[in-house]
Amino acid sequence: MSPIPINTFTYKGIEVSMLRLDEAHTNLQGNKFYKLKYNLEAAKLSGFSSLLTFAGAFSNHLHAVATAGKLLGFNTIGIIRGEDDIHNPTLQYVRENGMQLKFISREQYRQFRDEQHLLVALTQEFGKYYFLPEGGTNHLAVKGCAEILADIHQDYTHIFCSVGTGGTLAGLISTPYITGKIIGIAALKSVEAIKKNIAELIDSNATTSWEICDEYHFGGFAKYHPELIQFINRFQSQYNIQLDPIYTCKMMFAIFDKIEKGKISSSHKILCIHTGGLQGWSGWHHRFPLK
Ligand SMILES: *Cc1c(COP(=O)(O)O)cnc(C)c1O
């Protein structure tokens with residue numbers, strides 16, 4: 001595997017380096033490659049021929065599972081909250097890549113998610129499958145994400161990453177010999193559940209310091225916010241790097257805001273992680289066609 005590129009740019013005189021997971025593994029972009037890696041290995045080793053997962057209809061996770069299944073020869077099954085929409089570009093993509101979809105209502109989903117009897121009912125319907133939870137976060141995903149920073153030999157004082165379920169952040173925290181502080185920028189409102197999730201996922205011997213910042217969710221997960229869209233456009237024209245509309249934009253906004261407020265200064269050595277998610281733009285334009 002070739003090394004992942006790092007770009008360094010400055011904002012108000014402060015240097016920021018960005019690890020470009022969006023430019024690695026063109027078919028399976030961003031952090032999702034790392035989250036799936038050991039799960040797919042385990043599925044193969046245990047002789048599974050199908051992967052089944054829960055996901056939102058626009059999600060990067062769903063897109064990644066379909067892509068991985070196609071690449072590695074697994075059947076894929078996506079259990080989707082809500083109703084089918086044949087014009088949803090993410091759903092179109094996963095179908096084209098052979099994923100079978102089942103839609104369950106939000107109420108059913110809430111009732112049944114993680115419930116053993118739903119998984120049993122799904123086995124009756126689809127046969128034996130390797131299960132990937134929503135967002136793909138489990139111990140093997142954390143193990144994979146602990147490799148994201150493995151080849152970084154600079155001493156960054158602060159490492160920023162966007163947070164959904166927290167699986168990726170748990171992996172970063174678990175990186176051996178990491179010295180910088182890991183800072184997660186939450187893409188959604190409910191950070192208490194995420195913190196708890198991370199605490200359960202990290203190695204109890206991990207000594208890395210970490211925190212989750214909940215000041216930059218912009219109204220919640222995948223909500224439209226004009227200031228954020230303006231920011232994405234300005235960032236792209238200034239640095240020629242495309243951010244995604246759900247996750248990395250909030251992380252980058254947070255870093256720039258902290259620089260403006262003097263919370264990040266030139267004595268800090270900053271690394272941020274572009275976790276990919278660019279497939280999300282087609283779904284975004286579908287949801288907000290005029291914006
Ligand atoms: C899935 C995703 C995340 C969140 O990862 P978690 O492990 O769920 O916290 C962050 N950024 C992008 C681009 C993603 O697709």
Item to check | Residue pair His286 / Asp85, side-chain donor-acceptor N/O under 3.5 Å | outcome: yes

Checklist entry - Run the side-chain contact (heavy atoms from CB on, under 4.5 Å) check on Ile212 and Ile198 step by step: do they pass? => result CA-CA 10 Å; Ile212 300 225; Ile198 293 176; 3.5 Å; yes

Item to check | Short side-chain to backbone donor-acceptor contact, Thr157 and Lys269, under 3.5 Å | outcome: yes

Checklist outcome for this item: The residue among Phe256, Phe235, Phe231 that forms ring pair (Phe, Tyr, Trp, His ring centres under 6.0 Å) with Tyr11 is Phe256

Next on the checklist: Has Thr175 got a side-chain atom pairing as donor or acceptor with Ile178's backbone, closer than 3.5 angstrom?
Outcome noted: no

Item to check | salt_bridge(Lys102, Asp84) N-O dist < 4.0 Å | outcome: no

Checklist entry - Is Glu83 reaching over with its side chain to a backbone N or O of Phe103, donor-acceptor style, under 3.5 angstrom? => result no

Next on the checklist: Counting neighbours of CD on Glu15 that are heavy atoms of other residues, nucleotides or ligands and sit closer than 6.0 Å, is the number greater than 12?
Outcome noted: no

Next on the checklist: Testing the 3.5 Å rule here: is there a donor-acceptor pair between the side chains of Asn75 and Gln100?
Outcome noted: no

Next on the checklist: Taking the ring centre of each residue, are Phe218 and Tyr224 less than 6.0 Å apart?
Outcome noted: no

Checklist entry - Is a donor on one side and an acceptor on the other found under 3.5 Å between the side chain of Arg287 and the backbone of Ala222? => result yes

Checklist entry - Quick check: does any side chain N or O of Glu23 sit under 3.5 Å from a backbone N or O of Arg20, one acting as donor and the other as acceptor? => result no

Item to check | Donor-acceptor contact below 3.5 Å, side chain Glu134 vs main chain Thr53 | outcome: no

Checklist entry - Are the side chain of His285 and the backbone of Ser282 linked by a donor-acceptor contact shorter than 3.5 Å? => result no

Checklist entry - Do Glu211 and Lys181 meet the salt-bridge criterion of a basic N to acidic O distance under 4.0 Å? => result yes

Checklist entry - Can you say whether the rings of Phe54 and Phe131 are parallel (under 30°), tilted (30 to 60°) or perpendicular (over 60°)? => result perpendicular

Next on the checklist: I need the single residue from Tyr130, Tyr129, Phe126 that forms a ring pair (Phe, Tyr, Trp, His ring centres under 6.0 Å) with Phe48. Which is it?
Outcome noted: Tyr130

Checklist entry - What residue among Ile185, Val163, Leu188, Val191 forms side chain to side chain contact (heavy atoms under 4.5 Å, CB included) with Asp214? => result Val191

Checklist entry - Does a donor on one side chain and an acceptor on the other come within less than 3.5 Å for Lys35 and Thr137? => result yes

Checklist entry - Would you say Asn138's side chain and Leu132's backbone share a donor-acceptor pair under 3.5 angstrom? => result no

Next on the checklist: Other members of the hydrophobic cluster containing Leu201, with the 4.5 Å side-chain heavy-atom rule, please.
Outcome noted: Val142

Item to check | Listed partners of His61 passing ring pair (Phe, Tyr, Trp, His ring centres under 6.0 Å), at least two apart | outcome: none

Checklist entry - Is there a donor-acceptor contact under 3.5 Å linking the side chains of Thr67 and Tyr93? => result yes

Item to check | No-hydrogen, no-angle side-chain donor-acceptor test under 3.5 Å, Ser17 and Thr8 | outcome: yes

Checklist entry - Checking Gln242 side chain against Gln236 main chain: does a donor-acceptor pair fall under 3.5 Å? => result no

Checklist entry - Think Lys143 forms a cation-pi with Tyr38, using NZ or CZ under 6.0 Å from the six-ring centre and within 45 degrees of its axis? => result yes

Checklist entry - Can you name the closest pair of heavy atoms from Leu40 and Ala68 and give their distance? => result CD1-CB, 3.6 Å

Next on the checklist: Are Phe58 and Leu91 connected into the same hydrophobic cluster when the rule is that any two of I, L, V, M, F, W, Y join if their side-chain heavy atoms are below 4.5 Å apart?
Outcome noted: no

Next on the checklist: Please give me the minimum heavy-atom distance between Tyr247 and Gly164, naming the atom from each residue.
Outcome noted: CE2-CA, 3.9 Å

Next on the checklist: Please tell me whether Thr90 and Gln279 have a donor and an acceptor in their side chains that are separated by less than 3.5 angstrom.
Outcome noted: yes

Item to check | salt bridge (charged side-chain N to carboxylate O under 4.0 Å, His left out) between Lys44 and Glu41, worked out | outcome: CA-CA 5 Å; Lys44 267 263 171 346; Glu41 193 181 281; over 6 Å; no

Checklist entry - What closest approach, in Å, do Ala43 and Leu51 show between heavy atoms, and which atom pair accounts for it? => result CB-CD2, 4.0 Å

